[in-house]
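Notes follow the structure.
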Amino acid sequence: MTPDGQVILEEEIDESYEPTDQEILEYAQWLGMDADKEKDLMWIAREGLKAPLPENWKPCKTPTGDIYYFNFSTGESIWDHPCDEFYRKLYQDEKT
């Protein structure tokens with residue numbers, strides 16, 4: 001724990017993790033997909049949910065329990081998973 005109450009977490013990768021259909025649907029919608037019309041692109045949401053953190057990124061927890069991501073190389077911190085923007089762009093590229 002840091003002096004200001006932040007907790008640095010370790011990413012635990014479960015190689016056998018498979019997101020549920022509901023998780024895939026929710027993430028697909030969060031990415032901007034129309035789940036009814038773009039079923040052929042749902043693989044992007046599934047892949048995004050399984051994506052590990054990029055090098056130098058770690059999940060952290062605030063004193064109030066909120067999770068954010070911190071890059072220990074650049075000092076950047078963000079609320080969304082660092083790979084989310086990649087999968088949002090991938091979706092945009094694939095749908096056109």
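In this text the structure is predicted, and so the values were computed from the model without any measurement.
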- What heavy-atom pair brings Tyr27 and Ala45 nearest, and what distance separates the two atoms? CD2-O, 3.4 Å

- Task: Check whether any side-chain heavy atom of Asp84 lies under 4.5 Å from a side-chain heavy atom of Trp30, and answer yes or no.
- Result: yes

- Query: Looking only at heavy atoms, which two atoms of Pro82 and Tyr69 are closest? And how far apart?
  - Reply: CD-CG, 3.7 Å

- Query: Under 4.0 Å between a Lys/Arg side-chain N and an Asp/Glu carboxylate O for Lys58 and Glu10?
  - Reply: yes

- Is there a donor-acceptor pair closer than 3.5 Å between any side-chain N or O of Lys61 and the backbone N or O of Leu9? no

- Would a 4.5 Å heavy-atom cut-off, applied to side chains only, mark Tyr87 and Leu49 as touching? no

- Item | Contact summary for Phe70 and Cys60, nearest pair of heavy atoms | CB-SG, 3.9 Å

- Could you check if a side-chain atom of Arg88 sits within less than 4.5 angstrom of a side-chain atom of Gln92, using non-hydrogen atoms only? no

- Message: If I take atom OG1 from residue Thr20 and atom CD1 from residue Ile24, how far apart are they, to the nearest 0.5 angstrom?
- Response: 7.0 Å

- Task: Could you tell me whether the side chain of Met33 reaches within less than 4.5 Å of the side chain of Ile44, counting heavy atoms only?
- Result: yes

- Query: Would you say Leu31 and Leu90 make side-chain contact, with heavy atoms under 4.5 Å?
  - Reply: no

- If you draw a 6.0 Å radius around CG in Asp4, do more than 12 non-hydrogen atoms from other residues or ligands fall strictly inside? yes

- Query: Heavy-atom distance under 4.5 Å between the side chains of Leu41 and Trp43, does that happen here?
  - Reply: yes

- Which pair of non-hydrogen atoms, one from Ser77 and one from Tyr68, has the smallest distance, and what is that distance? CB-CD1, 4.1 Å

- Do you know the tightest heavy-atom contact between Gln6 and Thr62? OE1-CA, 3.6 Å

- Kindly indicate whether the side chain of Ile67, heavy atoms from C-beta on, has any atom under 4.5 Å from the side chain of His81. no

- Task: Count the heavy atoms of every other residue, nucleotide or ligand shown that sit under 6.0 Å from CD of Glu11, and state whether that count exceeds 12.
- Result: yes

- Task: Treating Ile, Leu, Val, Met, Phe, Trp and Tyr as nodes and any side-chain heavy-atom pair under 4.5 angstrom as an edge, say whether Ile8 and Trp79 lie in one connected cluster.
- Result: yes

- Output yes when Lys50 and Glu47 qualify as a salt bridge under the 4.0 Å nitrogen-oxygen rule, no when they do not. no

- Message: I'd like to know if Arg46 and Glu23 make a salt bridge, using a cut-off of under 4.0 Å between side-chain N and carboxylate O.
- Response: no

